[in-house]
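Only a predicted model underlies this, so the values are computations on that prediction, with no experimental measurement involved.
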Amino acid sequence: MDFPDITFKFLPKILIGSLPLFSTSTWSPKPEEPHAACLALKSSLKLENSTITNVSYIHAGSTIDTPGPCGVETTDVQTALCRVQFFTNTTDTSSVRAEAWLPDEWYGRFLATGNGGLGGCIDYGSLDYGTSLHFATVGSNNGHEGNDGIVFLNQPEVVNDFAFRAIHVETVIGKQITEAYYGRPHDKAYYLGCSTGGRQGTQAALKYPNDFDGILAGAPATDFNHLLHWAAMLGRAIGAPNPSSSPAFIPPAMWKVISAEILQQCDGVDGVLDGIISEPDLCVFRPERLLCTSGRTLDSCLTPPQVAALHKIYSPVHGRHGDLVYPRFDPGAEGDPLALDLFSGQLSFTFQDWLRYAVLNDTEFDFSNYGFDELELMDAINPGGIATWNGNFSAFRDRGGKFLTYHGRSDPLIPSGNSKRMYNLLAYTLRAPASALDAFYRLFLIPGMGHCIGGPGATRFGQVSHANALNASSHNILLALVDWVEGGVAPDTIIGTAQDGATRAHCRYPQESVWNGDEFVCMPGLRS
Ligand SMILES: *[C@@H]1O[C@H](CO)[C@@H](O)[C@H](O)[C@H]1NC(C)=O
Ligand SMILES: *[C@@H]1O[C@H](CO)[C@@H](O)[C@H](O)[C@H]1NC(C)=O
Ligand SMILES: *[C@@H]1O[C@H](CO)[C@@H](O)[C@H](O)[C@H]1NC(C)=O
Ligand SMILES: *[C@@H]1O[C@H](CO)[C@@H](O)[C@H](O)[C@H]1NC(C)=O
Ligand SMILES: *[C@@H]1O[C@H](CO)[C@@H](O)[C@H](O)[C@H]1NC(C)=O
Ligand SMILES: *[C@@H]1O[C@H](CO)[C@@H](O)[C@H](O)[C@H]1NC(C)=O
Ligand SMILES: [Ca+2]
């Protein structure tokens, strides 16, 4: 693949590590100075509603202690930096715990990072990743500790932090710390997150359009209440929460057989038998082909109730009046190891906690009674405005913001169809055709990728900390965002790298990934 020269014009900012673009004029430490400048912050920083709990200087290549309720006891740090740990009160009854990591070699950029799941874990991997690329990087616990939803019970301000405020506050305070340390404000501000982090990035564009110049929002958990209902309905299809009394229950071992059958039926639809279903929306899976007939044993075939369950799982989920609640589970996603949690026979843990503690305030709720009434209550209460389902990005667009989003086509936790739906919602709300959305909002669909990372596809493109590829905007979506914001060069494709080193250019929706007999190329979409 050829890349236009113009792309490279903006690379030196990133690549020439020995020539940080901005430090010379404002803050040019001699080798021993960062250490002293860092520790001095402890007494010199005065921040609104905030307490600095610790400041420490971290040498490149150190392993630091990062204990907490999330099981990440230590974190490896690639770059020399100043670590500032702080608390900020968001109201009388809520606060965020956050950290700002300030690299010695700073290129003038600020980066806020998001969370996953129910979100009370500082994402230390992202702090390391951002600083390795010379961003002043901040991350928070999203307003509570750990991934358990009980913290939301009768705590609407804690819910508000989770739903929209924690990222804003880490950003406001993080920018102040950055300015205090380097002696001048940042030039451009960015956001990076996936899953819940993708939802947080979307929420930031909608609610705080001035916080970021560029947002990278992966596999966004948008239309959040509906997403949780969808997960519950998948469990329900195979008998959760009482799988032992359900003839529809599909034992975990059987999913291997189902996955192989789906590949059998749909792998070739894209023209190549490579174990990847490039466009799952073209896969019309016929589970009947697995029906038990004489001569087949029960561990390799399905009963009629199990086949009926698969029809439900691979169909969109609808509400009481037939309205779409959420797009369907992507065929192919059942092959991802995370799918086994979804099909364990229990209802999604995230769903249970959210409904019990944030919506119903009922710690004893009996989930075998769950139904449309509770779905409609979730919609009506929509705690903290968690839904994050609004196509009006006009404020973010009009201030010049750029939004990049991506979604794995075999993501078992959030169907990729929801990202297409979000794109279409923007197009509809803004009355903008793809050519107009292209100017500020681009969605890349990633064949053969699970949730945020993983899977047989070309799944490494710099989207999360452990997905590093080449340090070039052609191969790294965070650097592509920087080029877009600072150089006006929008990414046409993103080149992903697979486990075995093979690469594939990922296409932006509504373009399609088409096999031309030689390689996959991106073509204008026919169906969008
Ligand atoms: C934050 O709130 C706690 C508890 O309400 C209070 O003790 C503390 O002084 C507050 N800190 C700041 C910096 O406002
Ligand atoms: C502050 O950080 C230093 C260096 O990591 C550590 O030795 C010290 O125990 C920390 N202090 C507190 C109060 O956490
Ligand atoms: C500080 O707290 C007050 C009162 O809770 C709030 O109005 C203000 O926005 C807070 N400032 C920041 C930076 O969060
Ligand atoms: C990318 O850059 C970072 C820091 O700038 C470095 O740690 C990392 O090794 C580089 N990766 C590659 C593949 O060159
Ligand atoms: C549960 O409490 C929240 C406030 O924490 C409130 O908004 C919500 O309406 C309550 N739910 C019900 C079903 O009453
Ligand atoms: C979108 O939001 C802007 C304010 O940011 C408002 O002026 C406009 O009316 C909204 N458009 C729609 C279609 O809701
Ligand atoms: Ca294929």
Side-chain angles (χ1 to χ4, degrees), residues 14-20 22-23 27-45 50-87 96-116 120-141 145-146 170 173-174 177-183 186 190 192-193 197 453 460 462-469 471 476 478-479:
I14 310 290
L15 286 181
I16 304 179
S18 54
L19 290 177
F22 304 109
S23 70
W27 196 77
S28 49
K30 293 192 190 68
E32 67 281 6
E33 276 179 352
H35 184 247
C38 175
L39 297 187
L41 282 179
K42 172 115 185 155
S43 50
S44 65
L45 266 181
S50 304
T51 309
I52 306 285
T53 51
N54 205 357
V55 174
S56 44
Y57 183 75
I58 313 293
H59 294 277
S62 311
T63 298
I64 60 167
D65 289 334
T66 49
C70 300
V72 183
E73 294 302 318
T74 62
T75 299
D76 295 333
V77 181
Q78 300 172 58
T79 313
L81 55 83
C82 180
R83 177 189 188 191
V84 180
Q85 297 169 261
F86 62 100
F87 271 97
V96 301
R97 181 170 69 85
E99 302 200 10
W101 288 19
L102 310 163
D104 284 6
E105 200 177 317
W106 182 51
Y107 292 3
R109 300 184 183 114
F110 176 82
L111 179 70
T113 62
N115 306 89
C121 304
I122 293 177
D123 183 357
Y124 287 103
S126 289
L127 287 169
D128 174 56
Y129 179 48
T131 46
S132 79
L133 293 171
H134 310 287
F135 292 80
T137 308
V138 61
S140 80
N141 74 345
E145 296 292 342
E170 77 177 38
I173 303 294
I177 295 174
T178 301
E179 178 167 2
Y181 187 53
Y182 297 109
H186 68 278
Y190 297 89
L192 170 137
I453 188 173
R460 292 161 183 268
Q463 75 277 27
V464 292
S465 58
H466 41 302
N468 223 335
N471 280 340
N476 180 311
L478 177 59
L479 300 185

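Between the side chains of Tyr124 and Glu99, a donor-acceptor pair is found at a separation under 3.5 Å. Residues Thr79 and Ser132 have side chains that never bring a donor and an acceptor to within less than 3.5 angstrom of each other. Between the side chains of Tyr57 and Asp104, at least one donor-acceptor pair of N or O atoms lies under 3.5 Å. For Asp76 and Thr63, the side-chain atoms include at least one donor-acceptor pair closer than 3.5 Å.
The minimum heavy-atom distance linking Trp101 with Thr75 is given by the pair CH2-CG2, 4.3 Å. Cys70 approaches Gly146 most closely through the heavy-atom pair SG-CA, 4.0 Å. Taking both residues in full, the closest heavy atoms of Tyr182 and Ala136 are given as CE1-CB, 4.2 Å, listed atom of the first, atom of the second, then distance. Residues Gly68 and Glu73 approach most closely at O-OE2, 4.4 Å, considering heavy atoms. Taking each heavy atom of Ser126 and Leu192 in turn, the nearest pair found is OG-CD2, 3.7 Å. Across Ser56 and Cys38, no two heavy atoms sit closer than the pair O-SG, 3.5 Å.
Judged purely by atom type and a 3.5 angstrom limit, Asp65 has no side-chain atom pairing as donor or acceptor with the backbone of Pro67. For the pair Ser62 (side chain) and Ile58 (backbone), a donor-acceptor distance under 3.5 Å is absent. Judged by distance alone, the side chain of Asn115 and the main-chain N or O of Cys121 form a donor-acceptor pair under 3.5 Å.
Atom CZ of Phe86 and atom CD of Glu170 lie 7.5 Å apart (nearest 0.5 Å).
Not counting sequence neighbours, His466 has no partner by the ring pair (Phe, Tyr, Trp, His ring centres under 6.0 Å) test.
For Phe135 and Tyr190, the distance between ring centers is under 6.0 angstrom.
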